[in-house]
Structure formats: structure tokens, C-alpha cells
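Presented below is the structure to which this report refers.
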Amino acid sequence: MEVIIQPNSQKLSVIAANVIRKAVIRKPNLVLGLATGSTPIGLYKLLVQMHKEEGVDFSKVITFNLDEYIGIPKDHPQSYHTFMNKHFFNHVNIPKKNQYLPQNIVENHVSFCQEYEDSIRRCGGIDIQVLGIGKDGHIGFNEPGSSFASRTRIATLSKSTLEANAVHFGDDINAVPEMAITMGIGTITDAKQCLLLASGLNKKDAIAKTIEGPISAMVPATALQMHPDVVFLIDEAAASSLKEREYYKRSYENKIKYS
Ligand code: F6R
């Protein structure tokens, strides 16, 4: 596990964007796992800038989104389809056929989820999975109690997640869709590399439990402790409850010095 602590979220986005830029240059048909929410917006902005100003080419890149709400139309302002178009897909040259997102309907979800998993496998697996984290320690919409072996499936959002996401639905918790299709924890941890970004004081408890707490299905992100290549990119506020933060900083400084 690598823990990188930076003064603010902009710096985290820069590091994440550089990792992705290098990877796309090395492997033009990179398979990227993508997240939505407030956290990766700065990252997408930088990737768009790299495409427009430096000509970084995404024409062979394949993307798989972590999750999508069930029960709101794809063109709803808060759907993750809309989010991805607005923040990323409309501004780079990833072909439509390479953009995979979970469906927004419950019908045939079992076969849809199986097909989603098969598509990931057919593309050779996810090279880099971008993740945010919920206050309750969720990754994707894998809420506390999700099996570490779980695969893409239908899931119910926890109360903590409904409350956190209400801000995007006019502060009306009843307007937040209660269900979603999400990649499972097993799907996520199959990615060759995971990049988890977190910023802000409201993430400090989830981050402390995830990095330094016992591995438990009650804190789904702790599954990442067993991943061979996971990078936690966190700002000072989100890192503020980590006991070993000085050590993580020293390790990162040494890595930069000697690489
Ligand atoms: C979104 C997702 C979620 C978010 C998490 C944090 O695709 O999978 O796990 O990453 O809820 O959301 P923000 O970034 O809005 O705090």
C-alpha cells in the first residue's frame, strides 16, 4: 500500500492525472475503471486539459464505470451517465462503444451484471481503477456488509450514503435513488492498480479505518489492504486521523528522492 498525503485535493488530482497520462502513453488501449462523485472532478478536468492541450490520445481507451443509480433516466441531471458525459466523455476522444456504464434499470439485472463482468474480462481486465470513498467506507456502492468476493450486482444504498448524496437531489433524501448497480469488491480488487482519492475532514474516519484499521466487511474499503498495488491519494484533512501519517510522508519523500 502506498499512502500519498498532499496539502490539497488539486495536488491529488495532478498526481492521479499524471499516473493515467503515463499509463495511456505506455498502453494506448488502457482499460480504466472510473468513479463519479465530487472527488474525481478535478482529475477529469486535468485529463481533459491534457487531451486538449498536449494531445493525449484516448481513442483506444476503454472505460468501465463503477456504478449507476437504478430508477432515474440516463439523461437525468444526477445520473452517472450524465455526470460522465459532462465531466469527461464529452471532452475527450473515447469512442462511445468503449464507454461501459452499468444500466439504470432493474429489468434483467442479473444477465446485465454477468455481461458487465464478461466485458471487463474480454477487454483484458481493468488496468487502473479510480476510486472515491464514502463516509461509511464504501467503494463503488459496496456498503458495509458487502462481501469481499462480491461481483457486479444490484445493491441498496446505506442511510449514510443516502444522506451524503441528498445534496445532489435538492437536499431531499427521499429523492435519492435507493438502489444502484455496482461493481463488486471482488471486481474492483481484480484491477491491476487501484487509485483511491479522498479529501476533506468528513473522510478522515473512513480513511483511518481503511488504512490502519482491521480488515472487515463492515468497512468495505479495507479490502484494499490486501491489494498488491493500491495508492491512497489523500489530502491533509482526510489524513488527519492517521496515526502513521509522518511515516507515510517520509516514505513518499524518499520514493521521490530515489526514483
Ligand atoms: C461513485 C462511487 C462512490 C463515491 C463515494 C464518494 O462512482 O463509486 O463510491 O466515490 O461515494 O463520493 P464523493 O466523491 O462525492 O465524496
Side-chain angles (χ1 to χ4, degrees), residues 8-10 12-13 16 32-45 63-70 72 74 76-89 99-104 116 120 126 128-146 150-169 171 173 176-189 191 194-207 209-210 219-224 230-235 237-239:
N8 55 53
S9 64
Q10 171 63 14
L12 306 176
S13 301
L32 265 179
L34 299 176
T36 57
S38 326
T39 308
I41 291 178
L43 164 63
Y44 294 138
K45 213 171 164 186
T63 62
F64 286 91
N65 264 80
L66 279 168
D67 40 25
E68 175 58 288
Y69 290 119
I70 294 265
I72 54 173
K74 283 185 184 170
H76 186 284
Q78 296 309 327
S79 81
Y80 290 164
H81 281 76
T82 301
F83 176 100
M84 289 311 300
N85 290 333
K86 179 174 165 199
H87 293 287
F88 193 42
F89 293 150
Q99 303 168 5
Y100 291 82
L101 287 97
Q103 69 178 21
N104 60 324
Y116 206 68
I120 295 174
I126 292 171
I128 300 178
Q129 175 66 57
V130 176
L131 296 166
I133 186 169
K135 271 176 71 177
D136 62 0
H138 72 220
I139 45 176
F141 277 133
N142 294 286
E143 302 289 19
S146 299
S150 53
R151 311 300 309 186
T152 303
R153 69 198 186 291
I154 203 158
T156 295
L157 275 55
S158 70
K159 183 142 180 286
S160 156
T161 302
L162 292 171
E163 281 166 3
N165 292 6
V167 61
H168 304 297
F169 291 84
D171 277 328
I173 192 168
V176 186
E178 254 201 292
M179 298 185 80
I181 289 184
T182 181
M183 280 186 199
I185 300 187
T187 322
I188 293 170
T189 52
C194 291
L195 289 184
L196 186 147
L197 288 88
S199 57
L201 276 179
N202 64 337
K203 298 290 171 70
K204 73 178 175 40
D205 295 338
I207 283 296
K209 287 183 189 157
T210 296
V219 185
T222 58
L224 296 170
V230 57
V231 184
F232 292 98
L233 289 164
I234 52 191
D235 73 356

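Ligands are counted one by one from 1 in listed order, and the atoms in each one are counted from 1 as well. All of these numbers come straight from a predicted model, not from anything done at the bench.
Looking only at side-chain heavy atoms (C-beta outward), P40 and L197 stay at 4.5 Å or farther from each other. Side-chain contact check for L157 versus E178: every heavy-atom pair is 4.5 Å or farther apart. Proximity of N104 to E68: side-chain heavy atoms (C-beta onward) are separated by under 4.5 Å at one or more points. Two residues are said to be in side-chain contact when any heavy atoms from C-beta on lie closer than 4.5 Å; T152 and F64 fail this criterion. Looking at I234 and K203, their side chains never come closer than 4.5 Å, going by heavy atoms from C-beta outward. E163 has its side chain within reach of I173: a pair of non-hydrogen atoms, C-beta onward, lies under 4.5 Å apart.
An N or O contact shorter than 3.5 Å is missing between A35 and ligand 1 by distance. For ligand 1, the polar-atom distance check finds no N/O of H168 at less than 3.5 Å from any of the ligand's N/O atoms.
At a 4.0 Å heavy-atom cut-off, ligand 1 touches D67 through the side chain alone.
In this structure, K203 has a heavy atom closer than 4.0 Å to ligand 1.
Ranking the protein heavy atoms by distance from atom 15 (O) of ligand 1 puts S38 N, 2.9 Å first. Here the heavy atom of the protein found nearest to atom 1 (C) of ligand 1 is T36 OG1, 3.2 Å. Protein heavy atom in closest approach to atom 10 (O) of ligand 1: G132 CA, 3.3 Å. For atom 5 (C) of ligand 1, the nearest non-hydrogen atom of the protein is H138 NE2, 3.4 Å.
Note on ring orientation: taking the six-membered ring where Trp is involved, the planes of F83 and Y80 are perpendicular (angle over 60°, cut-offs 30° and 60°). The aromatic rings of F88 and Y44 sit parallel, their planes meeting at an angle under 30°, below the 60° perpendicular limit.
The closest heavy-atom contact to atom 9 (O) of ligand 1, among the options G200, S160, G140, S199, comes from G140.
Heavy-atom proximity to G37, at under 4.0 Å, picks out these atoms of ligand 1: 14 (O), 15 (O). Applying the 4.0 Å criterion to heavy atoms of L66 picks out, from ligand 1, the atoms 8 (O). Which parts of ligand 1 touch I133 is read off a 4.0 Å heavy-atom cut-off, strictly below it: atoms 5 (C), 6 (C), 10 (O). The distance from ligand 1 to the heavy atoms of T39 drops below 4.0 Å at these ligand atoms: 13 (P), 14 (O), 16 (O).
For N202, the side chain to side chain contact (heavy atoms under 4.5 Å, CB included) test picks out K135, with sequence neighbours left out.
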